[in-house]
Amino acid sequence: MSAPAPSPLAVVDAETLPRQDEVLSPPALAFVAELHRRFTPRRDELLARRGERRAEIARTSTLDFRPETAAVREDDSWRVAPSPAALNDRRVEITGPTDRKMTINALNSGAKIWLADFEDASAPTWENVINGQLNLRDAYAGKADFTDPVSGKSYALKAADELATVVMRPRGWHLDERHLQFEGRAVPGALVDFGLYFFHNAQRLIELGKGPYFYLPKTESYLEARLWNEVFVFAQEYVGIPQGTVRATVLIETITAAYEMDEILYELRHHASGLNAGRWDYLFSIVKNFRDGGPKFVLPDRNAVTMTAPFMRAYTELLVRTCHKRGAHAIGGMAAFIPSRRDPEVNKVAFAKVKDDKDREAADGFDGSWVAHPDLVPIAMASFDAVLGERPNQKDRLREDVSVTAPELIAIDSLDAKPTYQGLVGAVQVGIRYIEAWLRGLGAVAIFNLMEDAATAEISRSQIWQWINAGVVFENGETATADLVRGIAAEELTAIRTEIGDEAFTAGAWQQAHDLLLTVALDESYEDFLTLPAYEQLRG
């Protein structure tokens with residue numbers, strides 16, 4: 001018997017994990033290698049194009065709907081593919097990383113959808129990448145049980161018909177997977193996450209009455225959506241499943257994508273399920289793209305920029321109208337509150353805010369929304385039940401009353417709020433605390449009763465950078481400077497040491513997180529993504 005052909009991909013500088021071979025089987029690696037060969041060159045071109053678009057924005061300080069795609073926007077005849085039954089009702093979606101406990105809790109949560117996250121809620125250690133794939137495979141096989149080694153509490157899946165439908169989110173186009181290489185070059189993390197998941201689970205999901213469903217993050221243009229569509233067409237042909245089995249929901253979390261919603265749906269129309277409206281990454285994208293646009297683009301404290309801000313309302317209402325015109329789901333933003341087990345009054349106030357937020361989204365025409373914790377599922381469910389009743393969605397509500405102009409999407413100065421000193425302190429505090437956890441392999445982190453992910457760190461460091469470079473003067477008379485930020489960061493590091501003790505402080509990555517935050521927040525040049533330099537320091 002001849003020896004099997006060697007894998008075209010090499011596992012580099014990675015600890016061998018239990019059951020790793022189940023994920024990195026030769027056929028699966030051959031599939032990922034083929035994805036890499038076919039699609040990484042185009043990925044590289046599109047990343048370069050992002051830089052060109054950013055340079056154009058720097059010159060003009062404006063954005064507009066693209067003239068070359070006017071025909072797509074103006075053609076009222078086209079629609080996305082009809083929704084499969086498993087994705088027709090999306091009124092509540094829970095998000096979270098794919099560790100074993102979260103996998104069980106999310107599937108059991110009562111939410112209609114679980115966004116199984118390999119992106120912003122998951123620090124891409126090799127262990128997280130591989131075990132996340134294993135946990136999803138085991139869940140589809142009905143064998144994802146778990147016993148907490150600390151508490152001894154056991155977790156098991158409910159009956160199959162009670163479980164949430166999984167929509168998996170791979171990494172964005174910009175991130176590579178350094179541990180998996182082809183001819184000495186790292187494979188894009190997006191193709192690794194998508195490829196391994198699709199190869200191992202597509203057929204099984206069809207047998208379960210569902211399918212390979214995806215959230216696509218960090219999309220900046222319709223051409224990037226076109227690339228994903230080409231990936232889907234090839235992947236379905238490769239494994240022998242019908243074209244159109246894949247469904248994708250695109251996160252409109254960049255300001256450039258907000259001007260190309262129709263075009264993004266059009267490119268994916270045979271595979272599109274909907275669009276999602278986020279907040280932190282969207283604001284981060286505004287800062288990144290308009291960072292030299294002058295005072296009118298300076299954002300106030302992140303918590304002052306709610307979804308009711310005029311420019312955010314323009315974005316969300318345009319998203320609902322665009323989706324429903326094309327037969328797609330419009331999915332709302334995140335309720336990130338983490339309930340306190342010790343303070344019922346905190347919960348009462350926060351739950352009321354969550355209810356108001358979800359009531360607004362349901363009234364605006366959204367078909368569903370996100371929560372970060374199972375305790376929020378009933379609150380969000382009630383808001384959408386009140387509007388939807390027995391209907392699975394409200395895609396028939398076309399919102400033809402909505403008319404959004406190009407300038408309205410970037411009318412940042414329409415918001416009557418200013419940066420505050422406490423907002424600067426908060427950005428430093430949250431930035432350090434989140435980055436420290438991320439460097440230890442945790443992507444979803446509870447900080448000050450909110451579930452934070454990488455988007456939180458991005459908006460935190462971006463606001464610090466923007467306020468310094470804009471010379472913002474706070475209400476207390478202090479000017480945003482690098483020295484002021486260094487002083488606040490030093491005080492926060494001391495406070496954390498006092499809070500957790502010397503032993504825990506030394507065992508963590510606190511100094512490293514402090515230094516990295518200051519690097520990306522204070523450097524004159526602006527790093528496109530915090531996770532790029534952070535990945536170089538990530539353990540594992």
Side-chain angles (χ1 to χ4, degrees), residues 46 50 53 57 63-66 69 72-73 80 90 93 95 113 115 117 119-120 167 169-170 172-174 190 213-229 247-269 271-290 305-307 309-334 361 364-370 395 399 402 404-406 408-412 453-455 458-459:
L46 291 173
R50 287 182 178 182
R53 187 84 182 277
I57 294 169
L63 273 171
D64 203 344
F65 301 105
R66 301 193 74 78
T69 55
V72 171
R73 294 192 300 276
V80 303
R90 303 179 61 171
E93 305 191 355
T95 72
I113 304 291
L115 188 162
D117 200 3
E119 199 230 3
D120 272 4
V167 181
R169 179 162 72 168
W173 282 124
H174 61 286
Y213 307 141
F214 299 92
Y215 259 110
L216 304 181
K218 306 290 189 290
T219 299
E220 296 196 16
S221 77
Y222 71 95
L223 295 176
E224 295 178 18
R226 179 182 295 173
L227 177 58
W228 269 119
N229 196 70
R247 285 294 191 276
T249 305
V250 180
L251 294 107
I252 303 300
E253 56 187 354
T254 68
I255 186 62
T256 51
Y259 287 85
E260 302 181 26
M261 295 188 210
D262 271 305
E263 294 90 328
I264 287 168
L265 286 175
Y266 181 80
E267 294 295 341
L268 287 160
R269 62 194 179 279
H271 300 105
S273 177
L275 303 177
N276 166 267
R279 181 158 48 140
W280 297 150
D281 263 322
Y282 189 74
L283 296 178
F284 153 54
S285 174
I286 290 173
V287 174
K288 176 161 61 173
N289 281 286
F290 291 95
V305 189
T306 68
M307 288 305 212
F311 69 98
M312 295 298 284
R313 190 143 184 81
Y315 149 61
T316 57
E317 295 215 306
L318 179 61
L319 187 145
V320 171
R321 174 169 180 157
T322 303
C323 285
H324 289 182
K325 180 179 181 180
R326 306 305 183 181
H329 282 79
I331 306 300
M334 170 71 81
E361 288 181 323
D364 282 350
F366 281 97
D367 303 292
S369 189
W370 286 4
K395 290 192 286 189
R399 290 306 311 271
V402 170
V404 174
T405 65
E408 287 177 308
L409 289 171
I410 51 173
I412 312 305
D453 67 9
E458 291 286 23
I459 186 59

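What you are looking at is a predicted structure, and each value in this text was computed from that prediction instead of being measured. Just so you know, residue 1 is the first one in the sequence shown, and it goes up from there.
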Minimum heavy-atom distance between Ala248 and Leu216, given as atom pair plus value: CB-CD1, 3.8 Å
Arg269 to Tyr266 six-membered ring, cation-pi geometry met (6.0 Å, 45°): yes
Heavy-atom side-chain contact between Tyr282 and Thr254 under 4.5 Å: no
Gly333 backbone acceptor or donor facing Ser369 side chain under 3.5 Å: yes
Heavy-atom pair with the smallest gap, counting every atom of Ala328 and Gly274: CB-CA, 3.8 Å
Spatial distance of atom CD (Glu119) from atom CG (Asp281) [nearest 0.5 Å]: 7.0 Å
Nearest-0.5 Å distance that lies between atom CD in Glu267 and atom OG in Ser221: 9.0 Å
Note: Glu224-Arg50 ion pair, threshold 4.0 Å (strictly below): yes
Partners meeting side chain to side chain donor-acceptor pair (under 3.5 Å) with Trp370 (sequence neighbours left out): Glu93, Tyr215
Where Arg247 and Ala272 come nearest, the two heavy atoms and their spacing: CD-O, 3.7 Å
Backbone N/O of Ile255 and side chain of Tyr315: donor-acceptor pair under 3.5 Å: no
Leu268 to Ala225 - nearest heavy-atom pair and separation: CD2-O, 3.7 Å
Between Thr69 and Arg73, a side-chain donor and acceptor under 3.5 Å: yes
Atom pair OG1/CZ of Thr322 and Arg399 - distance to nearest 0.5 Å: 11.5 Å
N/O donor-acceptor pair under 3.5 Å between Arg321 side chain and Val402 backbone: yes
For the student: nearest non-hydrogen atoms of Ala258 and Leu409, plus distance: O-CD1, 4.1 Å
Min side-chain heavy-atom separation Ile57-Leu63 under 4.5 Å: yes
Residue pair Leu275, Leu265: steps toward the side chain to side chain contact (heavy atoms under 4.5 Å, CB included) verdict: CA-CA 8 Å; Leu275 303 177; Leu265 286 175; 3.8 Å; yes
Electrostatic pair Arg90-Asp367, nearest N-O below 4.0 angstrom: no
CA sep, side-chain torsions, deciding dist, call: Ile286, Phe311, side chain to side chain contact (heavy atoms under 4.5 Å, CB included): CA-CA 11 Å; Ile286 290 173; Phe311 69 98; 3.8 Å; yes
Side-chain donor/acceptor of Asp364 to backbone N/O of Phe366, under 3.5 Å: no
Leu115 CG to Thr249 OG1 distance, which is reported to the nearest 0.5 Å: 9.0 Å
Side chain Asn276, main chain Gly332, donor-acceptor under 3.5 Å: yes
Ile252 and Ile264, any side-chain heavy atoms less than 4.5 Å apart: yes
Thr316 side chain vs Met312 backbone, donor-acceptor pair below 3.5 Å: yes
Side chains of Lys218 and Asp120 in contact at under 4.5 Å (non-hydrogen atoms): yes
Sub-4.5 Å side-chain heavy-atom contact between His271 and Asn229: yes
Under 3.5 Å donor-acceptor, Glu253 side chain and Gly278 backbone: no
Side chain to side chain contact (heavy atoms under 4.5 Å, CB included) assessment of Tyr259 paired with Leu318: CA-CA 10 Å; Tyr259 287 85; Leu318 179 61; over 6 Å; no
Close side-chain approach of Trp173 to Leu227, heavy-atom, < 4.5 Å: yes
Donor-acceptor pair, side chain of Thr256 and main chain of Glu220, under 3.5 angstrom: yes
By side chain to side chain donor-acceptor pair (under 3.5 Å) - contacts of Glu458 (at least two apart): Arg461
Heavy-atom closest pair, residues Ala314 and Val404: O-CG2, 3.5 Å
